[in-house]
Amino acid sequence: MIKTLTRRRVATPVAVLVSLLALVACGSDDDGGPESGEAAAATAGAPATDLMPAGEGTTQYPLTLESPWGETVLEKRPERVAIVTGANDLDNTLALGVTPVFADKYMAEYEWAVDAGANDVENLGEITDVIPFEDVAASEPDLLIAIQTDEAFVADSYDKLSQIAPVLVAEKTSWDVTWQESVKLIGQTLDLSAAADKVVTEVEGKVAEQKAAHPEFAGKSISFVEWHAGMESLTFRSFEGSATADVFGDLGFVPSAAASKFSRDSIMVSKENYGELDADVLMLAASKELSEDIQTEPVFKAIPAVAEGHFTLLDTEKEPSAGWAMSWPSALSLPWITELVTPQLAEVAK
């Protein structure tokens, strides 16, 4: 999947999570009650396998997975999960201790994904603007995950995907489904709800530790911009409601004055508008060479944050994954990126 930047945030995390979990509806008997007895016992609390942790026995199967394009049914707990998006669905599945049987090869290369077992994924393919349906089918999955991606991408692919295996999507499939929402939705579907809650608590706890260690962040405004090679432009990533803004907010920062002027559909920053980037802290994600070129621009040099030493570079030549991790945090990449950037932010926030 091409990592386009075309969707607005659709709801607050709590509201979206309620909607997402409501999508996963339990199957029912003739009297309309949840399936119980031998059929439920045969699938709930399933033992661990090489690919899946032991089930917790809280999710009942058959399980109906609804979507805007139809519904599919999980007859029993999945054992072979395929990731059919080129975004953080792989990270958020690995975070639960689940090893997919298919995933995008580029997402599997990130260091945090490798540390979580991405090298054990049985089959890797390339998910660009299309899904390699034959490769996905050849991996013999019994569940396909397509949560964080472009809505139109899933809409165009849903019928073909549902012929391969049941499909798990969000009610409003979007790039802005948060990592917490994704982890909990995947966890409930795989009978790993308690594990999902634990992942969310632990990751949020790690970020909270960074915040506590840096009281100088409290109340400081921040602008985070990244050079986008395809657009040949700076892009404003910490706009209001973005995942990036959420990360900085969790560290204690507040949005800059310009945060409300940008959105998922309008992120480019023209040279004449560089002055709008001013904040108590300004962080740029780019290569050192490119950053030096940008800093020769008179309008950029005149930004108070730059002139007064409250500017810092996130060098994407040294850390090529940093821009992605900050713009699209996952349960795996969030601890990695916050640990990386907090020392730099501390230097310029004092």
Side-chain angles (χ1 to χ4, degrees), residues 1-17 19-20 85-89 91-92 147-151 170 172-183 200 203-204 207 210-211 217 219-228 230-231 233-270 273-274 276-286 305 312 314 316 321-338 340-342 345:
M1 176 62 201
I2 296 175
K3 298 173 177 64
T4 54
L5 309 173
T6 58
R7 299 288 170 183
R8 286 192 177 93
R9 193 174 187 82
V10 296
T12 62
V14 173
V16 175
L17 179 57
S19 297
L20 293 183
T85 61
N88 287 331
D89 290 336
D91 285 9
N92 295 327
I147 297 173
Q148 191 186 58
T149 187
D150 186 82
E151 181 182 4
K172 182 69 173 179
T173 297
S174 165
W175 285 96
D176 291 315
V177 176
T178 70
W179 66 268
Q180 294 100 322
E181 295 158 5
S182 178
V183 168
V200 170
V203 174
E204 290 180 340
V207 179
Q210 295 284 358
K211 178 182 179 180
F217 295 165
K220 297 284 179 65
S221 62
I222 190 166
S223 289
F224 178 79
V225 293
E226 181 179 12
W227 179 260
H228 193 295
M231 296 179 179
S233 170
L234 288 181
T235 55
F236 194 96
R237 298 308 180 98
S238 55
F239 57 86
E240 288 184 355
S242 66
T244 306
D246 289 346
V247 173
F248 287 122
D250 290 340
L251 289 172
F253 290 97
V254 299
S256 65
S260 62
K261 299 180 180 181
F262 296 90
S263 68
R264 179 74 64 222
D265 296 330
S266 179
I267 60 172
M268 294 179 62
V269 185
S270 59
N273 291 326
Y274 279 175
E276 295 186 346
L277 303 179
D278 189 40
D280 293 327
V281 173
L282 171 59
M283 173 172 271
L284 166 65
T312 185
L314 182 56
T316 55
S321 306
W324 171 262
M326 183 57 79
S327 298
W328 307 103
S330 72
L332 297 181
S333 65
L334 181 54
W336 180 88
I337 190 63
T338 52
L340 176 68
V341 302
T342 47
L345 294 171

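Everything quoted here is computed from the prediction, not taken from an experiment. Heads up: numbering here begins at 1 and tracks the sequence.
Smallest separation of non-hydrogen atoms from G219 and V254: O-CG2, 3.5 Å. Of all heavy-atom pairs spanning L234 and Y274, the tightest one is CD1-CE2, 3.5 Å. Between W336 and A322 the shortest heavy-atom distance is CZ3-CA, 3.9 Å.
Judged purely by atom type and a 3.5 angstrom limit, N92 uses its side chain to pair as donor or acceptor with the backbone of A331. The closest donor-acceptor contact from the side chain of S223 to the backbone of L277 lies under 3.5 Å. Under the 3.5 Å distance criterion, the side-chain polar atoms of S221 are matched with a main-chain donor or acceptor of D280. Judged by distance alone, the side chain of T338 and the main-chain N or O of V207 form no donor-acceptor pair under 3.5 Å.
Checking S182 against Q148 by side-chain atom types alone, no donor-acceptor pair falls below 3.5 Å.
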Evaluate the side-chain contact (heavy atoms from CB on, under 4.5 Å) criterion for residues T244 and F239: first the C-alpha distance (whole Å), next the side-chain angles of each, then the deciding distance (0.1 Å), finally the verdict.
CA-CA 8 Å; T244 306; F239 57 86; over 6 Å; no
Pair R237, M283 - check side-chain contact (heavy atoms from CB on, under 4.5 Å), show working.
CA-CA 10 Å; R237 298 308 180 98; M283 173 172 271; over 6 Å; no
Report the C-alpha distance between L345 and F253 in whole Å, list the side-chain angles of each, state the deciding distance to 0.1 Å, and finish with yes or no for side-chain contact (heavy atoms from CB on, under 4.5 Å).
CA-CA 10 Å; L345 294 171; F253 290 97; 4.0 Å; yes
The test is side-chain contact (heavy atoms from CB on, under 4.5 Å); show your working for L251 and Q210 and say whether it passes.
CA-CA 7 Å; L251 289 172; Q210 295 284 358; 3.7 Å; yes
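Within the 4.5 Å cutoff, the side chain of F224 has no heavy atoms near those of the V247 side chain. Residues K211 and F217 fail the side-chain proximity criterion, which asks for heavy atoms closer than 4.5 Å. Residues V203 and P335 meet the side-chain proximity criterion, which asks for heavy atoms closer than 4.5 Å. Side-chain contact between F262 and S238 is absent, with no heavy atoms from C-beta onward closer than 4.5 Å. E226 places none of its side-chain heavy atoms less than 4.5 Å from the side chain of M326. Counting heavy atoms from C-beta outward, L332 and N88 have side chains that stay 4.5 Å or more apart. Inter-residue side-chain proximity for F236 and K261 is flagged as unmet; no heavy-atom pair is nearer than 4.5 Å. Side-chain contact between F248 and V281: absent, with no pair of heavy atoms (C-beta onward) separated by less than 4.5 Å.
The structure places CH2 of W324 at 9.0 Å from OG of S333, a figure rounded to the nearest 0.5 Å. Note: Q180 CD to S330 OG = 10.5 Å, rounded to the nearest 0.5 Å.
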